[in-house]
Amino acid sequence: MTTPLTSLLAGTRVLPVLTVPSAMTATPLAAALAEGGARCAEVTFRTDAAEQVVKAMAAHGGLTVGAGTVLTAEQAERAVAAGARFVVSPGFDEEVVAKCRELEVPVVPGVATATELMRALRAGLDTVKLFPAEPLGGPDTLRALAAPFPQARFVPTGGIGVDRLADYLAEPSVLAVGGSWLAPVALLERGDYAEILRLTAQAVERSTP
(Lines give C-alpha, C1' and ligand atoms only; values in the text may rest on other atoms or scores of the structure.)
Protein backbone atom coordinates (compact mmCIF):
# COMPACT_ATOMS: atom_id res chain seq x y z
CA MET A 1 0.00 0.00 0.00
CA THR A 2 1.34 3.43 -0.95
CA THR A 3 2.28 5.67 1.98
CA PRO A 4 0.61 9.09 1.61
CA LEU A 5 2.97 11.96 0.86
CA THR A 6 1.62 13.85 3.86
CA SER A 7 2.88 11.06 6.12
CA LEU A 8 6.32 11.09 4.50
CA LEU A 9 6.62 14.85 4.86
CA ALA A 10 5.76 14.41 8.55
CA GLY A 11 4.43 17.94 8.91
CA THR A 12 7.41 19.66 7.29
CA ARG A 13 6.47 22.52 4.98
CA VAL A 14 9.84 23.07 3.31
CA LEU A 15 11.23 20.55 0.85
CA PRO A 16 14.89 21.09 -0.11
CA VAL A 17 15.35 20.48 -3.84
CA LEU A 18 18.91 19.32 -4.46
CA THR A 19 21.04 19.08 -7.57
CA VAL A 20 24.17 17.35 -6.32
CA PRO A 21 27.13 17.04 -8.72
CA SER A 22 29.13 14.54 -6.63
CA ALA A 23 28.09 11.64 -4.42
CA MET A 24 30.98 12.53 -2.10
CA THR A 25 28.95 15.47 -0.83
CA ALA A 26 25.83 13.44 -0.10
CA THR A 27 26.53 12.37 3.49
CA PRO A 28 27.69 15.75 4.85
CA LEU A 29 24.83 17.41 2.95
CA ALA A 30 22.29 15.09 4.57
CA ALA A 31 23.82 15.80 7.97
CA ALA A 32 23.61 19.59 7.46
CA LEU A 33 20.01 19.45 6.28
CA ALA A 34 18.93 17.19 9.14
CA GLU A 35 20.73 19.30 11.73
CA GLY A 36 19.04 22.38 10.27
CA GLY A 37 15.66 20.79 10.90
CA ALA A 38 14.75 19.42 7.46
CA ARG A 39 12.89 16.13 7.49
CA CYS A 40 12.72 15.44 3.77
CA ALA A 41 14.80 16.17 0.68
CA GLU A 42 14.30 15.81 -3.06
CA VAL A 43 17.37 14.79 -5.08
CA THR A 44 16.94 15.76 -8.71
CA PHE A 45 17.93 13.32 -11.43
CA ARG A 46 19.86 16.03 -13.27
CA THR A 47 23.33 14.64 -12.63
CA ASP A 48 25.06 11.33 -13.25
CA ALA A 49 25.57 11.01 -9.49
CA ALA A 50 21.85 11.19 -8.62
CA GLU A 51 21.35 7.50 -7.84
CA GLN A 52 24.40 7.33 -5.61
CA VAL A 53 23.38 10.56 -3.88
CA VAL A 54 19.91 9.16 -3.15
CA LYS A 55 21.46 5.96 -1.81
CA ALA A 56 23.93 7.79 0.45
CA MET A 57 21.41 10.31 1.76
CA ALA A 58 18.85 7.58 2.43
CA ALA A 59 21.48 5.60 4.33
CA HIS A 60 22.15 8.61 6.56
CA GLY A 61 18.77 7.95 8.15
CA GLY A 62 17.98 11.52 9.18
CA LEU A 63 15.87 12.39 6.15
CA THR A 64 13.09 10.96 4.03
CA VAL A 65 14.66 11.13 0.58
CA GLY A 66 12.79 11.41 -2.70
CA ALA A 67 13.80 11.73 -6.32
CA GLY A 68 13.00 14.73 -8.48
CA THR A 69 13.15 15.63 -12.17
CA VAL A 70 12.05 12.07 -12.91
CA LEU A 71 11.12 12.00 -16.60
CA THR A 72 10.64 8.31 -17.37
CA ALA A 73 9.31 5.13 -15.77
CA GLU A 74 12.81 3.67 -15.98
CA GLN A 75 14.23 6.58 -13.97
CA ALA A 76 11.48 6.13 -11.38
CA GLU A 77 12.40 2.46 -11.03
CA ARG A 78 16.09 3.27 -10.58
CA ALA A 79 15.31 6.01 -8.08
CA VAL A 80 13.18 3.77 -5.89
CA ALA A 81 15.77 0.99 -6.10
CA ALA A 82 18.33 3.50 -4.80
CA GLY A 83 16.15 4.32 -1.80
CA ALA A 84 13.79 7.10 -2.93
CA ARG A 85 10.58 7.12 -0.88
CA PHE A 86 8.69 9.43 -3.24
CA VAL A 87 9.00 10.67 -6.83
CA VAL A 88 8.58 14.17 -8.23
CA SER A 89 8.30 15.01 -11.92
CA PRO A 90 8.31 18.42 -13.67
CA GLY A 91 5.26 17.42 -15.70
CA PHE A 92 2.45 14.88 -15.86
CA ASP A 93 3.43 11.59 -17.50
CA GLU A 94 1.10 8.59 -17.40
CA GLU A 95 3.93 6.05 -17.53
CA VAL A 96 5.76 7.61 -14.60
CA VAL A 97 2.54 7.69 -12.57
CA ALA A 98 1.77 4.05 -13.43
CA LYS A 99 5.29 2.91 -12.50
CA CYS A 100 5.15 4.71 -9.16
CA ARG A 101 1.83 3.05 -8.40
CA GLU A 102 3.35 -0.30 -9.25
CA LEU A 103 6.26 0.46 -6.92
CA GLU A 104 3.87 1.78 -4.25
CA VAL A 105 5.55 5.17 -3.81
CA PRO A 106 3.84 8.57 -3.87
CA VAL A 107 4.29 10.53 -7.09
CA VAL A 108 3.97 14.31 -7.41
CA PRO A 109 3.63 15.36 -11.05
CA GLY A 110 4.22 18.91 -12.18
CA VAL A 111 1.38 21.03 -13.54
CA ALA A 112 1.29 24.50 -15.02
CA THR A 113 -2.31 24.68 -16.27
CA ALA A 114 -5.85 23.75 -15.25
CA THR A 115 -5.89 21.11 -17.99
CA GLU A 116 -2.84 19.35 -16.55
CA LEU A 117 -4.29 19.58 -13.05
CA MET A 118 -7.52 17.96 -14.27
CA ARG A 119 -5.52 15.11 -15.81
CA ALA A 120 -3.70 14.53 -12.54
CA LEU A 121 -6.91 14.56 -10.51
CA ARG A 122 -8.60 12.24 -12.99
CA ALA A 123 -5.66 9.85 -12.51
CA GLY A 124 -6.48 9.69 -8.81
CA LEU A 125 -3.76 12.04 -7.56
CA ASP A 126 -4.50 14.82 -5.11
CA THR A 127 -1.04 16.40 -4.71
CA VAL A 128 0.77 18.14 -7.56
CA LYS A 129 3.79 20.33 -8.05
CA LEU A 130 3.11 23.81 -9.41
CA PHE A 131 6.10 24.31 -11.67
CA PRO A 132 7.76 26.67 -12.36
CA ALA A 133 5.88 28.53 -9.64
CA GLU A 134 7.41 32.00 -9.74
CA PRO A 135 7.60 32.40 -13.55
CA LEU A 136 3.97 31.22 -13.74
CA GLY A 137 2.80 34.05 -11.49
CA GLY A 138 3.45 32.84 -7.96
CA PRO A 139 0.70 32.75 -5.33
CA ASP A 140 -1.76 34.60 -7.58
CA THR A 141 -1.64 31.78 -10.13
CA LEU A 142 -1.74 29.17 -7.38
CA ARG A 143 -4.92 30.71 -5.93
CA ALA A 144 -6.51 30.83 -9.37
CA LEU A 145 -5.80 27.13 -9.95
CA ALA A 146 -6.83 26.07 -6.46
CA ALA A 147 -10.20 27.84 -6.50
CA PRO A 148 -12.06 25.41 -8.81
CA PHE A 149 -10.20 22.38 -7.44
CA PRO A 150 -10.52 22.50 -3.64
CA GLN A 151 -9.41 18.85 -3.35
CA ALA A 152 -5.96 19.61 -4.83
CA ARG A 153 -2.84 20.17 -2.74
CA PHE A 154 0.23 21.86 -4.16
CA VAL A 155 3.99 21.74 -3.70
CA PRO A 156 5.02 24.93 -5.53
CA THR A 157 8.60 24.82 -6.80
CA GLY A 158 10.69 26.91 -9.15
CA GLY A 159 12.28 30.30 -8.56
CA ILE A 160 11.10 30.54 -4.94
CA GLY A 161 13.40 32.08 -2.35
CA VAL A 162 13.15 32.48 1.39
CA ASP A 163 11.66 35.96 0.92
CA ARG A 164 8.62 34.43 -0.81
CA LEU A 165 8.23 31.42 1.47
CA ALA A 166 5.59 32.96 3.74
CA ASP A 167 3.50 34.10 0.76
CA TYR A 168 3.15 30.53 -0.49
CA LEU A 169 2.71 28.92 2.92
CA ALA A 170 -0.17 31.30 3.66
CA GLU A 171 -2.20 29.52 0.98
CA PRO A 172 -4.42 26.75 2.45
CA SER A 173 -3.87 24.57 -0.65
CA VAL A 174 -0.08 24.47 -0.18
CA LEU A 175 1.23 21.29 1.41
CA ALA A 176 4.91 22.28 1.25
CA VAL A 177 7.24 24.54 -0.73
CA GLY A 178 10.13 23.14 -2.74
CA GLY A 179 13.28 25.22 -2.74
CA SER A 180 16.71 24.97 -4.30
CA TRP A 181 17.97 28.01 -2.38
CA LEU A 182 18.68 25.84 0.67
CA ALA A 183 21.64 24.05 -0.91
CA PRO A 184 22.70 25.73 -4.16
CA VAL A 185 25.39 24.09 -6.26
CA ALA A 186 27.87 26.87 -5.46
CA LEU A 187 27.73 26.02 -1.74
CA LEU A 188 28.07 22.31 -2.45
CA GLU A 189 31.11 22.90 -4.63
CA ARG A 190 32.72 24.94 -1.85
CA GLY A 191 31.73 22.41 0.79
CA ASP A 192 30.05 25.15 2.81
CA TYR A 193 27.78 22.91 4.85
CA ALA A 194 27.63 25.44 7.68
CA GLU A 195 25.84 27.87 5.36
CA ILE A 196 23.51 25.12 4.13
CA LEU A 197 22.67 24.34 7.74
CA ARG A 198 21.99 28.05 8.40
CA LEU A 199 19.76 28.44 5.36
CA THR A 200 17.86 25.28 6.26
CA ALA A 201 17.32 26.35 9.86
CA GLN A 202 16.15 29.77 8.69
CA ALA A 203 13.62 28.24 6.29
CA VAL A 204 12.35 25.74 8.85
CA GLU A 205 11.91 28.50 11.43
CA ARG A 206 9.99 30.68 8.97
CA SER A 207 7.76 27.79 7.98
CA THR A 208 6.81 26.87 11.54
CA PRO A 209 3.56 28.43 12.78
Side-chain angles (χ1 to χ4, degrees), residues 1-90 96-97 99-110 125 127-129 131 153 155-158 160 175-185 187-189 191 193 195-197 199-201 203-204 207:
M1 183 176 179
T2 304
T3 303
L5 182 66
T6 50
S7 297
L8 292 178
L9 290 176
T12 188
R13 303 202 69 199
V14 179
L15 177 63
V17 179
L18 314 170
T19 299
V20 187
S22 169
M24 293 181 65
T25 66
T27 299
L29 172 58
L33 292 171
E35 188 175 346
R39 298 178 183 176
C40 295
E42 173 191 330
V43 177
T44 66
F45 265 56
R46 298 185 183 184
T47 71
D48 292 338
E51 282 177 81
Q52 293 304 314
V53 172
V54 168
K55 188 176 294 185
M57 292 187 71
H60 175 269
L63 298 167
T64 298
V65 182
T69 319
V70 173
L71 307 179
T72 66
E74 186 265 342
Q75 278 186 329
E77 194 160 23
R78 287 194 285 119
V80 172
R85 299 279 306 283
F86 60 93
V87 168
V88 183
S89 181
V96 171
V97 170
K99 177 55 69 174
C100 289
R101 281 196 168 132
E102 177 188 324
L103 297 170
E104 298 187 340
V105 296
V107 57
V108 185
L125 303 174
T127 303
V128 295
K129 164 180 164 175
F131 179 79
R153 291 295 174 264
V155 182
T157 307
I160 302 171
L175 179 63
V177 173
S180 58
W181 83 87
L182 299 165
V185 172
L187 292 182
L188 290 173
E189 290 177 340
Y193 302 107
E195 179 63 6
I196 291 171
L197 190 158
L199 291 171
T200 302
V204 170
S207 69

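No hydrogens, no waters, no symmetry mates; every other heavy atom, side chains included, goes into these values.
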### Query
Roughly how far apart are Leu188 CG and Ile196 CD1, rounded to 0.5 Å?
4.5 Å
#### Entry: Side chains of His60 and Leu29 in contact at under 4.5 Å (non-hydrogen atoms)
no
#### Entry: Thr44 side chain to Leu18 backbone, donor-acceptor under 3.5 Å
yes
#### Entry: Stepwise side-chain contact (heavy atoms from CB on, under 4.5 Å) check, Val155 with Val128
CA-CA 6 Å; Val155 182; Val128 295; over 6 Å; no
### Query
Which pair of heavy atoms, one from Ala73 and one from Lys99, lies closest together, and at what distance?
O-CG, 3.5 Å
### Query
Do Val107 and Val70 come within less than 4.5 Å of each other through their side chains, counting heavy atoms only?
no
### Query
Residues in salt bridge (Lys or Arg N to Asp or Glu O under 4.0 Å) with Glu74, at least two apart?
Arg78
#### Entry: Taking every non-hydrogen atom, the tightest pair across Thr200 and Gly37
CG2-N, 4.4 Å
### Side-chain heavy atoms of Val43 within contact of Met57, under 4.5 Å
yes
### Query
Do any N or O atoms from the side chain of Thr127 and from the backbone of Leu125 form a donor-acceptor pair under 3.5 angstrom?
no
Just distance, no hydrogens or angles: give the donor-acceptor pairs under 3.5 Å from side chains in residues 20-27, sequence neighbours left out.
{"from": "Ser22", "atom 1": "OG", "to": "Met24", "atom 2": "N", "distance (Å)": "3.1"}
{"from": "Thr25", "atom 1": "OG1", "to": "Ser22", "atom 2": "O", "distance (Å)": "2.8"}

### Query
In terms of side-chain heavy atoms, does Thr19 have a donor or acceptor partner in Arg46 at a distance below 3.5 Å?
no
### Summary
Nearest heavy-atom contact between Gly62 and Ala34 is O-CB, 4.1 Å
### Nearest heavy-atom neighbours spanning Pro16 and Cys40
CD-O, 3.1 Å
### Task
Mind listing the closest non-hydrogen atom pair of Ala203 and Trp181 along with its distance?
CB-CZ2, 3.9 Å
### Task
Could you walk me through whether Lys129 and Glu42 pass the side-chain contact (heavy atoms from CB on, under 4.5 Å) test, one step at a time?
CA-CA 12 Å; Lys129 164 180 164 175; Glu42 173 191 330; 4.3 Å; yes
### Message
Any non-hydrogen side-chain atom of Val88 less than 4.5 Å from a side-chain atom of Thr69?
### Response
no
### Query
How far apart are the C-alpha atoms of Thr6 and Leu9, what are their side-chain angles, what is the distance that settles it, and do they pass the side-chain contact (heavy atoms from CB on, under 4.5 Å) test?
CA-CA 5 Å; Thr6 50; Leu9 290 176; 5.9 Å; no
### Heavy-atom side-chain proximity of Val177 to Val14 below 4.5 angstrom
no
### Message
A side-chain contact here means heavy atoms from C-beta on lying under 4.5 Å apart; do Leu8 and Pro106 qualify?
### Response
yes
### Task
Check Ala67 against Ala79 and note the closest heavy-atom contact, atom names and distance.
CB-CB, 3.5 Å
### Task
Would you mind reporting whether Gln75 and Thr72 have side-chain heavy atoms less than 4.5 Å apart?
yes
### Message
If you apply the rule side-chain contact (heavy atoms from CB on, under 4.5 Å), what do you find for Leu15 with Phe86, and how did you get there?
### Response
CA-CA 12 Å; Leu15 177 63; Phe86 60 93; 4.0 Å; yes
### Query
Would you find more than 12 non-hydrogen atoms of other residues, nucleotides or ligands less than 6.0 Å from Arg85 atom CZ?
no
